[in-house]
Protein chains: 4
Amino acid sequence: VSDWGLLDPVGDAGGLADDDALLAALVEVERALVAAMSRDDQDAARVAAVLSTSGLDRAALAEGARRDGVAVVELVRQLRAQAEAALAGDGELVHRGATSQDVLDTGIMLLAQRTVERTRAELVAGGDALARHAQAERDAPALARTLGQPAAPISIGATVGAWLDAATSALAELDAVTFPAQLGGAVGTGAGIDDVAAARSALAAELQLDDPGRSWHTDRAPVRRVAAASAGVVVALARVGTDLVTLSRAEVGEVVLAGAGASSAMPHKRNPVAAVRLIAAGVEAPALLATVVAGGVSSDARPAGAWHAELPALRSLLRLAAASAEIAADAFAGLRFDRDAAAANLAQGLPDAVPRAGLDAAGRTVDDAVARWHHVKEAGA
Amino acid sequence: VSDWGLLDPVGDAGGLADDDALLAALVEVERALVAAMSRDDQDAARVAAVLSTSGLDRAALAEGARRDGVAVVELVRQLRAQAEAALAGDGELVHRGATSQDVLDTGIMLLAQRTVERTRAELVAGGDALARHAQAERDAPALARTLGQPAAPISIGATVGAWLDAATSALAELDAVTFPAQLGGAVGTGAGIDDVAAARSALAAELQLDDPGRSWHTDRAPVRRVAAASAGVVVALARVGTDLVTLSRAEVGEVVLAGAGASSAMPHKRNPVAAVRLIAAGVEAPALLATVVAGGVSSDARPAGAWHAELPALRSLLRLAAASAEIAADAFAGLRFDRDAAAANLAQGLPDAVPRAGLDAAGRTVDDAVARWHHVKEAGA
Amino acid sequence: VSDWGLLDPVGDAGGLADDDALLAALVEVERALVAAMSRDDQDAARVAAVLSTSGLDRAALAEGARRDGVAVVELVRQLRAQAEAALAGDGELVHRGATSQDVLDTGIMLLAQRTVERTRAELVAGGDALARHAQAERDAPALARTLGQPAAPISIGATVGAWLDAATSALAELDAVTFPAQLGGAVGTGAGIDDVAAARSALAAELQLDDPGRSWHTDRAPVRRVAAASAGVVVALARVGTDLVTLSRAEVGEVVLAGAGASSAMPHKRNPVAAVRLIAAGVEAPALLATVVAGGVSSDARPAGAWHAELPALRSLLRLAAASAEIAADAFAGLRFDRDAAAANLAQGLPDAVPRAGLDAAGRTVDDAVARWHHVKEAGA
Amino acid sequence: VSDWGLLDPVGDAGGLADDDALLAALVEVERALVAAMSRDDQDAARVAAVLSTSGLDRAALAEGARRDGVAVVELVRQLRAQAEAALAGDGELVHRGATSQDVLDTGIMLLAQRTVERTRAELVAGGDALARHAQAERDAPALARTLGQPAAPISIGATVGAWLDAATSALAELDAVTFPAQLGGAVGTGAGIDDVAAARSALAAELQLDDPGRSWHTDRAPVRRVAAASAGVVVALARVGTDLVTLSRAEVGEVVLAGAGASSAMPHKRNPVAAVRLIAAGVEAPALLATVVAGGVSSDARPAGAWHAELPALRSLLRLAAASAEIAADAFAGLRFDRDAAAANLAQGLPDAVPRAGLDAAGRTVDDAVARWHHVKEAGA
């Protein structure tokens with residue numbers, strides 16, 4: 001695979017989960033392992049200091065992934081050669097006690113933690129923009145629709161508040177995720193590691209990951225949780241994207257997105273591309289989560305294929321979530337609402353409605369949604 | 001649809017989430033709504049007392065589901081008729097302020113809470129059985145396999161301990177789920193309800209559900225969370241099922257399941273049907289979760305179809321989890337391990353291995369897994 | 001499971017794939033098997049004549065499905081008892097040479113054939129309605145939208161023609177499906193059957209199924225194909241449903257659906273329930289197809305769980321397709337288009353457009369779509 | 001996204017569907033469009049001759065994909081600049097009459113056709129290897145297992161023949177796929193193109209694609225069909241992978257894979273990596289197909305997001321199929337069967353069985369499977 005974005009309208013939030021980032025994470029894990037497994041701090045420091053992504057043979061790593069099923073076998077070979085070259089005889093300190101899955105699972109969790117951190121920051125920016133809009137449009141009369149049809153008076157702000165509420169839940173879910181280190185050795189029991197609990201704890205501390213107090217080689221709940229929370233972010237934002245497409249239709253005209261996309265056939269077109277991208281991510285995410293869940297049906301002390309399918313799907317979800325949050329942060333900030341259009345649609349859609357009661361209730365919904373947003377945002381900060 | 005189990009090897013744990021149970025839940029919700037929305041306790045008590053599943057026209061309810069997209073419209077009609085018949089003039093107290101989604105979402109959460117309660121009880125029974133086996137076989141030498149191949153010495157107990165660990169995570173995930181009531185009125189703002197926060201709180205209290213402090217018509221995070229936790233239970237147990245099929249193969253022979261199934265063509269066959277059923281559930285669950293997640297991409301103040309697809313998939317997951325837990329509770333209790341076969345497979349698979357170090361580590365893993373199980377089990381009790 | 005439609009807005013097209021229908025199909029298969037496997041026509045006729053669904057113990061069959069993983073083991077026991085009771089000593093002629101999978105796979109194919117026949121008839125009715133609308137509105141100016149935004153002039157007819165085109169492709173896909181009988185005996189080789197090719201051919205002929213010339217116990221391509229074609233029908237119609245929700249929005253107002261659904265909270269609402277149901281089916285179908293495909297990863301001479309998950313998902317798809325086609329047939333016949341609204345939306349959405357060129361092209365598209373529809377419809381009739 | 005294989009054990013069959021290959025296809029399509037749309041052959045030839053992938057700004061294309069939702073808008077800008085630079089004033093001949101979707105859909109079909117061609121070649125090689133093994137082991141006694149348990153005597157060859165049969169079905173499905181060109185202009189009606197039928201036909205001929213006789217912007221059946229056939233290949237081979245993991249277990253020992261993978265923790269390990277990779281692909285494929293199907297629920301004259309999610313998932317399936325076929329071609333050629341182990345497992349698993357009848361039937365199954373393979377292979381060649 002050698003893609004650079006030609007067929008990727010959603011994007012990947014700046015490559016923060018790409019192979020180079022993962023490789024860097026894997027090398028960090030191997031470095032931290034040297035420290036965690038060593039009885040001699042000085043030796044460990046010397047070895048860890050020479051391990052580096054620079055000089056690694058990426059083509060050989062990719063080939064190794066296909067030959068051995070996991071690139072870590074080849075990575076260890078190359079890192080040991082680095083250690084041997086710099087410090088004759090100390091190669092064996094590299095990857096001591098660990099199995100490939102320890103390094104890849106831990107590396108993925110490191111990648112996940114960093115990607116989720118970015119996702120959170122963008123989601124917060126997007127949610128803050130929604131909170132501002134909700135408050136600004138708190139009392140602007142609008143038509144609420146259910147099943148596509150005129151339902152009852154609401155305010156623009158309350159519609160935005162409902163979007164915000166979904167973002168709030170997604171943020172809370174994201175903040176509940178933990179990122180455990182993995183260390184179990186060959187078959188998950190820590191055999192061959194002097195004090196596996198201490199070593200795992202040290203590894204986790206070194207990498208600022210959580211110490212799970214056990215190895216989870218075949219219990220994929222931690223992966224499933226990251227994946228589900230990531231899918232939650234994508235869905236919460238795709239839901240807004242769907243409404244944005246509706247509300248920016250010419251016949252509805254209640255919302256205008258900034259920075260619309262061009263068409264190759266129709267120069268007049270201004271496409272709501274941000275919304276389109278959020279929706280596209282929403283179409284992709286459910287199936288990726290299904291793959292992560294299916295890949296969680298482990299077997300033996302390491303499964304023959306399920307694990308190998310699970311991690312790429314997890315990464316795709318991490319990317320979708322980060323990209324969606326980035327798109328949302330930008331798009332939500334640039335939204336402009338047309339109060340006249342909203343009021344006119346209300347008057348035409350529900351000619352006999354008296355909007356007052358609906359507006360009061362809508363206003364309270366806005367207040368609640370904004371308060372909840374700030375509460376969750378600050379609780380997780 | 002009128003199925004009675006002919007094509008359902010997994011089963012549904014005794015029908016506790018079937019249409020009759022859901023109907024009973026919906027009537028309970030309407031009853032609780034009368035109480036929650038009424039200013040006059042005596043009136044409310046009189047009306048609630050006459051609402052009943054008995055006498056409801058199920059065929060009309062099914063037809064209503066297809067005609068209106070949701071059966072609640074027809075249910076309200078029938079319940080109002082009950083109230084009118086028993087107490088002339090009080091029909092309007094039924095369903096006051098609420099929309100169909102309020103009743104169906106709340107009813108589903110009630111159903112979910114009850115089904116999950118059963119799932120939990122069965123999962124606890126199954127986990128307790130695994131904990132007993134893990135301790136009994138704590139030091140029985142066995143072969144750990146990775147990618148299907150002989151990897152390192154382990155104990156039977158540690159393999160069981162890894163199964164237990166997955167069950168523990170699933171239990172923890174289940175115990176973290178909340179079951180919020182839903183009350184938002186026509187478009188989620190509570191318009192038309194005097195004090196929607198108080199009414200929602202009263203509704204939740206009446207039904208022993210959680211008070212979410214908001215309506216979540218278009219924020220489907222609560223549903224997604226129940227679904228994800230249910231899928232987690234299914235996957236954790238399917239993972240055991242997969243190993244049971246391997247370990248009970250004639251050539252491996254380390255496990256025997258009680259109560260094996262018959263074959264129509266081969267009288268000698270003793271099929272590991274419990275494991276087969278757990279695996280089948282594991283094949284079905286990921287896609288159902290994908291449907292719940294896809295159905296969570298809401299739109300407007302109520303989506304045109306997504307919500308309608310989400311709830312049946314959620315129910316299917318609730319059933320799969322309950323059935324899987326029930327199957328597991330029964331099957332795990334009846335497992336018998338063959339220490340001789342395990343030892344022989346170790347000796348043949350790894351002729352040069354010295355099992356001692358592996359066994360010590362395995363034993364500690366068992367202790368940890370059992371301790372974690374009891375901790376999580378008691379924390380959630 | 002004992003559901004009767006309370007949570008099933010999509011419905012199941014009148015129960016034609018429910019457990020009773022499947023049971024009838026299984027009994028037909030066992031009857032045909034007696035004939036196909038017997039060397040003595042008179043004996044076979046006598047035995048086949050007494051096998052009947054009446055008197056079968058459904059609860060025992062459901063329990064058998066859970067106990068043995070497949071209900072056929074118990075069904076054979078009951079049918080043999082029927083034969084023994086009526087014709088002392090002839091029980092052994094029942095199910096001779098066959099394995100449970102032979103009967104269940106063949107029975108499912110029989111059910112599939114009948115359900116698809118109904119799906120086809122309804123799809124033809126729905127497509128015919130679309131063809132009529134397309135021709136009637138061939139030259140009615142309208143606005144084509146891409147990504148939700150005004151794009152170019154088109155005719156109402158051409159929009160309908162695009163819907164028709166998707167239905168045409170779905171019909172062609174459906175007509176390409178074959179429904180093979182299954183006969184392979186215990187492990188798929190036909191061992192224990194004198195002339196398995198002849199017996200299979202006779203079985204297929206008896207049931208008016210296709211003779212695959214082989215057993216396909218572990219090659220699930222035939223199932224996958226039925227499932228994919230069924231999903232194709234659902235998607236083609238969900239695509240129309242999506243447009244119907246948009247075009248029937250109050251602000252757009254180009255389409256009115258007959259027979260709209262009611263709301264429990266808003267008496268004025270007229271919900272486009274047919275469209276909602278089509279969309280709901282479209283949300284459910286993709287994941288069900290994924291389950292069928294995942295269940296197709298067979299193993300051994302019969303897999304431990306994959307097969308057991310595949311058939312229920314296939315049936316769900318058969319139902320969704322039949323129900324969608326039935327909904328569409330009804331809804332499409334009742335569509336009314338508002339030419340004034342369409343023309344006004346065009347004028348407002350693209351004020352500077354000259355619709356003439358677009359209309360001519362649109363008209364030709366209609367002609368092509370209608371011609372293609374009739375061609376495919378007649379080719380498959 | 002900038003991945004190079006670090007987390008991709010399955011691989012992508014040499015990058016034949018990567019972004020560079022797609023970009024080349026898109027430029028070919030634009031070139032062919034110039035020819036198909038021009039009234040002056042000489043002009044067209046001159047313009048087409050200067051359009052080239054060399055000099056295209058890939059970063060700008062990737063950015064364009066995110067800005068406009070599709071990279072073709074930016075590609076057209078760059079290609080027009082190429083034409084303008086080389087032939088002052090002829091830029092307008094580029095992309096005349098077409099919309100972005102015309103170019104991307106056609107380009108994807110070109111990519112699909114080429115990838116499937118490779119998939120076919122590898123699948124044929126893999127199937128031929130299976131056919132040879134099936135014949136060589138036609139009469140070697142072995143144990144058939146169902147649900148993991150000893151079932152009946154079979155031959156090694158018949159087990160391989162069952163694998164071959166699944167490959168045959170997958171090949172037949174692949175050979176039935178068509179690869180239509182896409183040309184519909186802005187909204188699918190061909191408005192703005194003088195004779196769209198002729199232009200489409202010319203475009204298809206130029207690119208050796210099928211002429212669909214219509215545009216299929218919103219009828220995604222052609223995409224669904226390629227995707228389903230690709231998933232079929234993956235599943236057929238994952239099914240073999242699953243059996244290979246079982247049969248190469250130390251306790252079973254009936255198969256040895258050549259070129260086994262290494263472990264980072266256990267130097268003695270020889271992992272059946274080819275089988276692992278086939279299985280991993282089998283876990284990923286079902287959900288990708290679900291995404292393609294979900295993305296096929298189109299809307300308007302071009303959907304806002306569904307289309308954008310569909311094509312990346314299609315490409316992933318194309319890759320999985322090509323990679324699986326490549327893995328299989330290599331792995332199947334290198335399989336070695338252990339007749340003694342197979343015979344011993346039969347004797348132990350079914351001590352009282354008389355294998356003769358089973359072997360005769362098994363042999364006939366082999367003959368049929370091999371004949372069917374050659375028939376399908378040659379019919380599609």
Side-chain angles (χ1 to χ4, degrees), chain B residues 143-152 241-255 257 260-266 268-277 279-280 283 286-287 289-291 293-295 297 305-306 309 341-342 344-353, chain D residues 143-152 241-255 257 260-266 268-277 279-280 283 286-287 289-291 293-295 297 305-306 309 341-342 344-353:
Chain B
L143 175 64
R145 301 157 181 102
T146 57
L147 286 67
Q149 295 298 307
T242 306
D243 274 3
L244 290 177
V245 169
T246 297
L247 297 176
S248 66
R249 283 181 178 272
E251 298 83 3
V252 181
E254 301 183 12
V255 171
L257 285 85
S263 154
S264 75
M266 298 165 281
H268 64 276
K269 283 292 295 287
R270 289 178 55 80
N271 289 320
V273 173
V276 168
R277 296 166 73 199
I279 294 170
V283 176
L289 181 58
T291 298
V293 171
V297 181
N345 287 335
L346 171 58
Q348 277 198 305
L350 292 173
D352 303 324
Chain D
L143 175 64
R145 300 157 181 99
T146 57
L147 286 68
Q149 294 298 306
T242 306
D243 273 3
L244 290 177
V245 168
T246 297
L247 297 176
S248 66
R249 283 182 178 272
E251 296 83 3
V252 180
E254 301 182 14
V255 172
L257 285 85
S263 155
S264 76
M266 298 166 280
H268 65 275
K269 282 292 298 285
R270 288 178 54 80
N271 289 321
V273 173
V276 168
R277 295 165 74 199
I279 294 169
V283 176
L289 181 58
T291 298
V293 171
V297 181
N345 287 335
L346 171 59
Q348 278 198 303
L350 292 173
D352 304 323

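Throughout, a chain's letter reflects where its sequence line sits, starting with A, and its residues are numbered from 1. Here the structure is a predicted model, which is why all the values come from computation and not from measurement.
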Quick check for you: among B/P150, B/A290, B/A344, B/G253, which has the greatest number of heavy-atom pairs under 4.5 Å with chain D? B/P150
Between D/D352, D/V252, D/V245, which shows the greatest number of heavy-atom pairs under 4.5 Å with chain B? D/V252
Chain D contact via B/S248 - which portion, at a heavy-atom distance below 4.5 Å: both
How long is the gap from OG1 on B/T146 to CD on B/Q149, to the nearest 0.5 Å? 8.0 Å
Listed by chain and number, what are the side-chain hydrogen bond (donor to acceptor under 3.5 Å, both in side chains) partners of B/S264, not counting sequence neighbours? C/H95, C/S100
Of D/A287, D/A151, D/A275, the largest count of non-hydrogen pairs under 4.5 angstrom with chain B goes to D/A151
Could you tell me which portion of D/L350 (side chain, backbone, both or neither) has an atom closer than 4.5 angstrom to a non-hydrogen atom of chain B? side chain
Okay, B/Q348 and chain D: the region with an atom under 4.5 Å from a heavy atom over there is neither
Shorter than 4.5 Å, heavy atoms on both sides: which option in D/A152, D/G349, D/A250, D/P272 has the most such pairs with chain B? D/P272
Calculate, to the nearest 0.5 Å, the distance between atoms CG and CG belonging to D/L257 and D/N271 respectively. 10.5 Å
What part of B/L143 gets within 4.5 angstrom of chain D, counting heavy atoms only: side chain, backbone, both, or neither? side chain
Mind checking side-chain hydrogen bond (donor to acceptor under 3.5 Å, both in side chains) for D/R145 and listing every partner two or more places apart, or none if nothing turns up? B/E251, D/E254
